[in-house]
4 protein chains.
Amino acid sequence: MEAIANVLADRYASEPMRAIWSPRGRVLLEREYWIAVLKAQRDLGLPVPEGAIADYERVKEQIDLASIRRREQTLRHDVKARLDEFCALAGHEHIHKGLTSRDLTESVEQLQIYRAMELVRLKAVAALVALSRRAGESKNVFLAARTHNTPAQVTTLGKRLAMFGDEMLLAFEALDQLLARYPVRGLKGAVGTQMDQLTLFRGDAGKVVELERRILAHLGIARALMATGQVYPRSLDFSVVSALYQLSSGPASFAKTLRLMAGHDLAGEGFAPGQVGSSAMPHKMNSRSCERLNGLQVVLRGYLTMTEGLAGDQWNEGDVSCSVVRRVALPNSFFAMDGLLETFLTILDHMEINHAVVDRELRNYLPFLSTTTILMEAVKAGTGRETAHEIIKGHAVAAARDLRSGKIRENDLFQRLAADARLGLDVAALERIGRETRSHAGAAGAQVDWFVRAVMHLHERFPQAGQIQAGPIL
Amino acid sequence: MEAIANVLADRYASEPMRAIWSPRGRVLLEREYWIAVLKAQRDLGLPVPEGAIADYERVKEQIDLASIRRREQTLRHDVKARLDEFCALAGHEHIHKGLTSRDLTESVEQLQIYRAMELVRLKAVAALVALSRRAGESKNVFLAARTHNTPAQVTTLGKRLAMFGDEMLLAFEALDQLLARYPVRGLKGAVGTQMDQLTLFRGDAGKVVELERRILAHLGIARALMATGQVYPRSLDFSVVSALYQLSSGPASFAKTLRLMAGHDLAGEGFAPGQVGSSAMPHKMNSRSCERLNGLQVVLRGYLTMTEGLAGDQWNEGDVSCSVVRRVALPNSFFAMDGLLETFLTILDHMEINHAVVDRELRNYLPFLSTTTILMEAVKAGTGRETAHEIIKGHAVAAARDLRSGKIRENDLFQRLAADARLGLDVAALERIGRETRSHAGAAGAQVDWFVRAVMHLHERFPQAGQIQAGPIL
Amino acid sequence: MEAIANVLADRYASEPMRAIWSPRGRVLLEREYWIAVLKAQRDLGLPVPEGAIADYERVKEQIDLASIRRREQTLRHDVKARLDEFCALAGHEHIHKGLTSRDLTESVEQLQIYRAMELVRLKAVAALVALSRRAGESKNVFLAARTHNTPAQVTTLGKRLAMFGDEMLLAFEALDQLLARYPVRGLKGAVGTQMDQLTLFRGDAGKVVELERRILAHLGIARALMATGQVYPRSLDFSVVSALYQLSSGPASFAKTLRLMAGHDLAGEGFAPGQVGSSAMPHKMNSRSCERLNGLQVVLRGYLTMTEGLAGDQWNEGDVSCSVVRRVALPNSFFAMDGLLETFLTILDHMEINHAVVDRELRNYLPFLSTTTILMEAVKAGTGRETAHEIIKGHAVAAARDLRSGKIRENDLFQRLAADARLGLDVAALERIGRETRSHAGAAGAQVDWFVRAVMHLHERFPQAGQIQAGPIL
Amino acid sequence: MEAIANVLADRYASEPMRAIWSPRGRVLLEREYWIAVLKAQRDLGLPVPEGAIADYERVKEQIDLASIRRREQTLRHDVKARLDEFCALAGHEHIHKGLTSRDLTESVEQLQIYRAMELVRLKAVAALVALSRRAGESKNVFLAARTHNTPAQVTTLGKRLAMFGDEMLLAFEALDQLLARYPVRGLKGAVGTQMDQLTLFRGDAGKVVELERRILAHLGIARALMATGQVYPRSLDFSVVSALYQLSSGPASFAKTLRLMAGHDLAGEGFAPGQVGSSAMPHKMNSRSCERLNGLQVVLRGYLTMTEGLAGDQWNEGDVSCSVVRRVALPNSFFAMDGLLETFLTILDHMEINHAVVDRELRNYLPFLSTTTILMEAVKAGTGRETAHEIIKGHAVAAARDLRSGKIRENDLFQRLAADARLGLDVAALERIGRETRSHAGAAGAQVDWFVRAVMHLHERFPQAGQIQAGPIL
């Protein structure tokens with residue numbers, strides 16, 4: 001039987017993210033968890049025979065996935081299969097006392113989720129750093145801003161990048177707060193009452209509290225839920241994938257915009273030596289990485305849907321109707337997010353700006369880009385705002401139509417406006433406005449400075465982000 | 001043309017939530033915003049003729065939606081229609097200077113969102129208070145907990161309610177933090193550079209900063225985005241609806257569980273005098289409110305999907321492809337959430353527990369509910385955990401099969417276990433375990449206490465929640 | 001209490017679609033259904049007093065929604081409220097015999113769905129007719145086709161339109177087949193066994209079959225489900241909205257493409273006299289209708305999500321957890337779809353092509369657009385396909401880079417290729433290829449002819465589509 | 001680097017479905033496609049050197065995925081990597097002439113989709129056969145039907161199963177029609193104009209038509225799109241996954257209902273020898289397969305979301321923003337669907353009905369289950385329908401309340417009704433109704449017969465379905 005690889009892990013995700021979700025790694029996390037519980041139980045007074053812990057420790061890295069699967073085929077219970085395997089290797093039956101399967105699996109899965117969120121957070125900082133570098137570099141690259149995909153006013157490329165950065169910072173904050181409040185289920189037993197640990201400790205509630213405290217310390221997560229059932233509430237998984245989705249949105253809007261800019265030859269995502277754009281059309285240099293980034297966001301949305309389907313669907317104290325969903329949605333949403341950030345980092349590394357084209361476009365559209373300022377000047381000169389708007393609109397639309405029909409070759413809007421006495425602005429005044437428009441973009445520069453500073457502070461908090469580099473992409 | 005009502009607003013949402021999203025109310029919010037900008041511009045030195053502000057103030061409540069719509073039919077621009085209407089009423093053209101439509105609409109819509117989130121937060125506190133009251137009351141109502149929808153161990157009804165409450169608290173915290181960090185777009189102009197305000201103020205950046213500060217104060221929202229385009233990032237809308245969806249999950253799981261309990265006659269959502277359960281079957285008392293609550297969560301999920309489709313889809317500095325989506329998804333997700341919380345409050349008010357049935361079920365399943373404790377006792381007595389598990393499983397499955405086939409009428413599991421020498425537990429010991437099982441639910445009581453306390457602290461922070469009452473429902 | 005209108009019905013949907021879903025209209029449909037059942041019961045032998053049917057008929061159009069609502073507030077059962085109201089008006093209690101609420105409501109809702117699907121089908125034909133007219137007109141408008149948003153090869157505008165038309169035809173066929181197989185639930189009783197009709201007819205199964213047959217004839221839908229429960233399977237609603245979503249996709253891709261073309265000044269959706277593009281920037285002529293169309297597809301996706309949440313969630317013979325979902329999702333998905341087709345028709349009516357700009361773009365990119373043909377010619381001349389690809393790619397990428405950097409102003413790719421001896425093509429040959437490329441688009445013309453013919457056949461089947469016209473849009 | 005397996009393929013899907021989507025299998029399909037095109041080109045007159053085709057044939061099964069990946073790392077183009085690999089193995093550069101990458105990949109992927117749909121169709125027939133067998137067997141197993149999860153009227157288990165079967169038949173028909181109309185993109189070239197094939201064949205359109213015809217014959221799919229761009233419309237992928245989702249709904253509702261029945265001990269999904277229900281609670285026999293089935297439907301919904309995100313998002317003639325989405329969503333939606341049907345078959349094989357419990361429940365609820373018939377009889381005896389409804393409701397609610405509070409132990413509704421003179425029915429009449437109610441379920445039997453017959457006809461059309469067996473499940 002040919003193994004079918006997980007395509008997201010295989011083609012898009014980075015090695016550190018793959019390591020978090022590796023099947024063997026998971027078995028090891030579980031075994032370490034069992035041993036940690038056993039040690040804590042012993043230290044708190046439960047009888048554990050001499051040598052048992054050492055025996056479990058000794059075999060914990062002997063991981064034979066095929067043997068575990070054979071057990072599962074009979075037991076039809078995955079945890080029992082892994083439990084029996086570990087006990088058989090160690091020659092004891094001392095782990096899993098007072099535990100239900102979910103005490104184990106929820107803890108280990110939440111640990112994977114937590115570490116994966118930490119990795120995403122770090123990579124997001126790296127992406128913000130790269131983006132802020134690009135924004136800073138292009139702080140004074142003046143550009144025709146577009147709304148409705150058509151030229152609107154002047155902005156700078158730096159400000160456009162800061163705009164996507166601002167969105168990303170907002171999402172970063174949400175993820176950061178989620179990490180800070182993220183609770184594990186804790187050692188709550190079969191229906192959440194801790195009954196079995198209490199039985200083991202002959203009703204000593206203090207010891208059970210202490211046991212859970214030690215297990216949290218083992219996991220390295222500070223907070224636990226208080227009153228769960230057999231499972232932690234699945235809306236928590238939803239909130240995790242939702243945070244990822246929010247975080248993907250700034251990069252996705254950036255990527256769409258870069259695809260649009262590439263369509264105008266204004267910029268490109270880079271084209272590596274040896275790369276091929278199209279097997280049919282040799283001249284093609286396509287925005288494949290940007291397209292991939294957008295595709296990965298759609299993929300993430302699918303996993304979000306899966307977690308949506310679990311939230312609010314708990315029957316009584318819980319069951320495993322969520323099992324296959326979480327097996328699919330949790331690792332894969334992180335693989336998709338990781339691949340998305342890898343792709344984003346690659347684009348930020350290789351993005352090219354075609355300054356000559358940017359300038360040409362700006363020049364072509366300048367009279368149109370100036371209409372708001374002309375409107376403001378007319379207002380300052382005493383024309384009613386809506387009246388001036390109507391006049392300018394009339395001439396601008398006529399000029400645009402003549403340009404599009406080929407009737408005129410050069411944009412003569414300034415001449416048309418100067419010829420209209422109602423506005424009271426002569427050609428010289430209008431051309432001055434045009435000149436100023438070309439190299440002024442309001443508060444754009446200040447906004448770039450703000451963004452660069454905000455990211456700098458973040459980088460100081462997460463200096464390790466400096467070592468993150470996009471791996472080679474397929 | 002017969003008006004078609006918004007069914008969520010009309011049938012499910014409360015009057016305060018409807019008021020936030022009322023069409024007339026929105027026009028008024030816009031007009032107040034325009035006036036606030038105009039005042040600030042004047043105070044910061046822009047020339048505004050004597051009396052203009054007063055004239056706008058005077059007519060601001062003359063709202064004629066039909067007249068506005070007639071204007072829109074020609075202009076094909078909704079803001080321009082409302083702008084022209086207001087100016088015509090006031091006899092001036094002084095508002096909207098240096099503004100783009102989105103300066104107005106984003107601000108007003110964000111204000112609606114913010115107030116609606118505040119209302120949801122308050123109502124969520126009220127629901128938590130009602131839930132904690134119910135949990136406290138039923139702290140000692142012992143109940144067969146179910147996993148996989150079949151009896152598992154003993155819990156208490158109070159703990160089951162606290163479990164859903166814990167989920168809700170988690171979501172509450174997420175919403176609360178979102179409210180605390182929620183930023184408005186601010187007065188950023190047509191492409192986000194504040195160019196037009198800067199032009200109006202002849203380049204005085206300090207004045208533009210101050211203008212925005214005053215507008216934020218008018219809105220009562222502390223924080224603004226720094227580097228947006230024409231629109232604020234739509235992933236922010238997603239994060240809002242996502243927070244609502246998370247908040248709906250605890251109530252939804254509660255409602256599903258109550259529907260399951262009703263199927264066993266254990267509990268019901270109440271049945272009012274005069275109410276009819278079925279037009280065909282006179283005996284029916286259906287969980288219609290619980291079903292509605294679950295339906296409203298599915299509705300909310302649809303609006304979440306809509307906001308997902310906007311996040312990451314910004315082209316350049318923005319456009320209005322989001323317009324119809326936000327017109328639909330934003331008010332309606334709040335109407336659905338509000339209706340869901342109204343329904344939840346109603347259920348919490350009227351829920352009935354059938355103690356006799358609860359007791360009978362507990363008694364019937366007691367030997368099964370005791371198996372974990374028996375397992376723990378066998379382990380303490382020296383049997384290997386997995387060996388004891390296998391033995392008990394064998395007898396329990398056999399007893400269950402005989403009960404289901406009608407071969408036996410009474411559960412004789414204790415006799416079977418006592419007869420198996422491998423376990424070393426006699427009937428007396430097993431019956432003692434059974435008795436203890438029936439009235440012990442581990443840490444359930446402590447968890448209820450914790451939940452009641454946690455909600456009490458919240459209530460102290462939001463004392464107005466005490467005045468929230470479920471309105472009559474359809 | 002200010003009424004809050006359904007925004008999709010109010011702003012986007014057409015009057016015929018609104019009429020199908022009108023609240024009063026629905027009450028009338030229900031009353032007619034009750035009367036039809038009563039008549040059939042009488043004709044098949046059940047005792048119905050003289051005059052009762054006439055009394056019901058007489059009052060059936062006296063529809064007082066407020067009175068019904070008052071009843072519902074006590075009964076908490078919407079059908080019972082409408083039933084009591086109708087009986088009170090008529091002074092009889094003879095309708096609804098042997099019926100469960102769902103016998104009534106499912107039938108009436110399915111009738112609304114069926115008629116709404118028929119209207120969508122008709123409007124889709126109208127849209128295809130308009131699209132095919134546009135495609136035919138622009139059959140010979142040569143255009144730079146784009147893949148990855150950058151110039152690829154030559155196509156024609158007509159073929160581009162036929163491409164979106166082909167997608168729409170595929171979806172049309174799916175909807176058409178769905179309409180042909182669409183089954184109603186039929187008169188199945190409280191749990192689907194027809195028990196109560198059988199009781200009424202003293203076990204005469206033949207009469208019950210005949211009763212259902214007559215009711216189907218009343219509805220005008222040929223087919224009924226055989227073995228439903230209280231409700232028809234909700235996956236049927238899903239399949240309806242799914243068919244709408246598929247149908248929205250061709251128009252949505254068209255709209256996105258027109259927005260892209262507008263960004264290059266190649267085409268526009270039209271700009272009506274008096275229209276305003278931006279309240280801030282007088283020169284703007286935005287693709288607002290195209291953006292709206294894309295927005296409406298996202299809205300539709302949200303309703304699709306709602307129906308997804310119902311499919312596969314039937315508990316036993318059914319309940320009303322679907323009720324609020326269907327109240328929201330069913331009418332609104334049709335309002336959204338109807339609005340989308342209205343918008344599409346408007347765009348097709350007013351779309352403008354800027355031929356001068358189209359030509360200029362084609363000329364600029366011509367050498368690039370020719371590379372595949374050059375590759376084919378090189379292959380025919382004996383160069384290995386992959387070798388030739390590599391050579392052409394090298395020169396094309398270099399030329400593109402020089403153009404983008406401003407190093408060259410004119411595309412000199414032909415010169416570069418001619419200078420490379422490995423290809424064996426001289427400038428004359430290359431320029432000949434260029435000339436041919438400019439006015440040849442392969443099978444594009446034949447594809448347009450095919451599309452026009454296919455739509456013509458459809459129009460013959462639905463001649464009434466010729467009367468459909470886009471209403472004025474907001 | 002540890003390989004991370006595709007969890008759906010690895011744990012849930014069957015070998016035949018895995019084979020369709022195997023990476024090596026896909027490479028082979030591509031190579032066979034290239035060879036088929038090359039042969040057809042040669043047969044239609046293009047020069048292909050002696051032996052080239054044989055050389056390609058000879059090496060086509062030498063598939064080295066690692067080598068292909070190494071090529072891709074440089075080329076950043078997956079198809080070019082596979083093309084270069086195949087050419088290097090064969091020592092020729094003759095394949096892929098006049099092709100764009102998508103001519104190859106769309107065809108091969110559509111072939112995979114088509115074959116996977118055929119497999120799903122066959123397995124759906126097998127499931128329907130198993131379900132109809134179960135329905136036939138339990139045609140006379142009387143059961144308390146439930147609406148709103150509470151007892152409503154009498155039905156039969158066979159009818160309940162037929163009900164889910166009817167839903168499945170409806171979805172089957174939709175899938176069957178989709179297969180019948182499913183079109184491939186065909187050999188359309190880089191932007192859909194077939195320009196390059198026309199160039200190769202020196203403009204001979206007839207030959208290009210014939211070439212495409214031969215390739216369709218190679219694929220074994222009858223129909224092609226006429227006017228696509230570089231890609232076929234992605235709404236086609238949506239319609240495929242949508243058909244799967246519809247097909248999953250009947251089984252999903254069945255599984256939820258079986259979970260509910262298991263909660264009442266009425267039925268179970270079977271419990272294999274050696275199986276373990278819970279690692280903590282030895283007595284547990286959980287509905288894990290039913291829960292899995294429901295989980296797999298949620299998974300499928302996630303993939304549906306992904307395809308929704310592609311439909312209507314085509315820019316111009318297309319790009320690869322869909323690539324990663326389709327790599328994930330297409331195979332995995334089929335793996336999920338296949339796993340769902342495998343699970344369904346397993347449940348149908350092992351489902352157990354606890355007749356004693358079914359009977360006891362029926363007996364307990366009998367007076368309630370009779371209320372509709374009592375209502376019908378009262379109506380026949382002359383009481384107004386709504387009046388009788390009100391009377392019966394009063395007594396039924398009172399009896400239910402007394403039972404739930406423990407005030408009475410036996411249901412005395414018949415006595416209460418007999419004592420109410422307004423109804424005019426004595427105890428004997430009521431008890432007769434009760435007796436008849438217990439063993440009559442209206443048209444339930446006829447509906448089961450109909451279902452069994454309908455499936456029989458389907459089985460005759462797909463006799464191979466008889467060989468489908470559920471594989472062992474994990």
Side-chain angles (χ1 to χ4, degrees), chain A residues 93 97 145-149 152-153 155 162-163 166-167 173 177 181 190-191 193-196 198-200 225-230 233 235 238-239 242 246 248-249 252-253 256-257 260 297 301 308 311-312 314-319 372-373 376 379 384-386 441-444 447 450-451, chain B residues 93 97 145-149 152-153 155 162-163 166-167 173 177 181 190-191 193-196 198-200 225-230 233 235 238-239 242 246 248-249 252-253 256-257 260 297 301 308 311-312 314-319 372-373 376 379 384-386 441-444 447 450-451:
Chain A
E93 291 185 15
K97 275 181 201 158
R146 286 177 176 247
T147 58
H148 306 270
N149 201 29
Q153 288 188 339
T155 191
M163 172 179 74
D166 200 359
E167 177 166 17
E173 195 177 352
Q177 292 187 353
R181 70 175 183 265
V191 302
T193 58
Q194 303 190 306
M195 172 64 96
D196 305 327
L198 281 162
T199 304
L200 282 175
L225 286 157
M226 289 301 292
T228 64
Q230 191 180 59
S235 57
F238 164 72
S239 73
S242 169
Q246 190 184 351
S248 75
S249 301
S253 288
K256 266 188 197 155
T257 297
L260 293 169
Q297 199 204 22
R301 200 191 297 158
E308 287 166 19
Q314 186 176 323
W315 289 19
N316 307 300
E317 278 67 35
D319 53 57
T372 331
T373 306
M376 290 303 98
V379 165
R385 192 195 175 285
E386 306 318 317
Q447 292 175 1
W450 163 84
F451 175 60
Chain B
E93 292 185 13
K97 275 181 201 157
R146 287 177 177 247
T147 58
H148 306 270
N149 201 29
Q153 288 189 340
T155 191
M163 173 179 75
D166 200 0
E167 176 165 17
E173 195 177 352
Q177 293 186 352
R181 69 175 185 266
V191 302
T193 59
Q194 304 190 303
M195 172 64 96
D196 304 328
L198 281 162
T199 304
L200 282 175
L225 285 158
M226 289 300 293
T228 64
Q230 192 180 58
S235 57
F238 164 72
S239 74
S242 168
Q246 190 183 351
S248 74
S249 300
S253 287
K256 270 191 194 153
T257 297
L260 293 169
Q297 200 203 23
R301 199 190 299 158
E308 288 167 20
Q314 186 177 323
W315 288 19
N316 307 300
E317 277 68 34
D319 52 57
T372 332
T373 306
M376 289 303 97
V379 165
R385 191 195 175 286
E386 306 318 317
Q447 293 175 2
W450 163 84
F451 174 60

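Excluded from the calculations below are hydrogen atoms, water molecules and symmetry mates; all remaining heavy atoms, backbone and side chain alike, are included.
In terms of heavy atoms, B:A152 sits closest to A:V191 at CB-CG1, 3.7 Å. Closest non-hydrogen pair, B:E93 versus A:G384, comes out as OE1-C, 2.9 Å. Of all the heavy atoms in A:T257 and B:N316, the pair that sits closest is OG1-N, 2.9 Å. Pairing each heavy atom of B:T193 with each of A:A441, the nearest pair is CB-O, 3.3 Å.
Your options are B:S242, B:G229, B:A190, and the one with the most heavy-atom pairs under 4.5 Å with chain A is B:S242. For the set B:Q246, B:E308, B:M376, the count of heavy-atom pairs under 4.5 angstrom toward chain A peaks at B:E308. Ranked by heavy-atom pairs under 4.5 Å with chain B, the first of A:T228, A:D166, A:V379 is A:D166. Among B:S248, B:A145, B:S249, B:A252, the residue with the largest count of heavy-atom pairs under 4.5 Å with chain A is B:S249. Residue with the most contacts toward chain A among B:Q447, B:Q314, B:R385: B:R385 (heavy-atom pairs, distance under 4.5 Å). Note on B:K256, B:Q194, B:E386, B:E173: by heavy-atom pairs under 4.5 Å with chain A, the leading option is B:E386. Top candidate by heavy-atom pairs under 4.5 Å with chain B, chosen from A:A162, A:A227, A:G442, is A:A227. Chosen from A:T373, A:T147, A:T155, A:L198, the residue pairing most often with chain B at heavy-atom distances under 4.5 Å is A:T147. By number of non-hydrogen pairs under 4.5 angstrom with chain A, the leading residue of B:K97, B:M195, B:M163 is B:M163. For the set A:S235, A:A311, A:A444, A:S253, the entry with the most heavy-atom pairs within less than 4.5 Å of chain B is A:S253. Of all the listed residues (A:T372, A:N149, A:D196), the one sharing the greatest number of non-hydrogen pairs under 4.5 Å with chain B is A:D196.
Using a 4.5 Å cut-off between heavy atoms, B:L225 contacts chain A through both its backbone and its side chain. For chain A, the nearby parts of B:L200 are the backbone and the side chain; heavy atoms of each come within less than 4.5 Å. B:F451 does not touch chain A: none of its heavy atoms, backbone or side chain, sits under 4.5 Å away.
Judged by distance alone, the side chain of A:Q230 and the main-chain N or O of B:H148 form no donor-acceptor pair under 3.5 Å.
In this structure, A:E317 and B:Q153 have side chains that are not in contact, with every pair of non-hydrogen atoms separated by 4.5 Å or more. Counting heavy atoms from C-beta on, the side chains of A:R146 and B:W315 never come closer than 4.5 Å.
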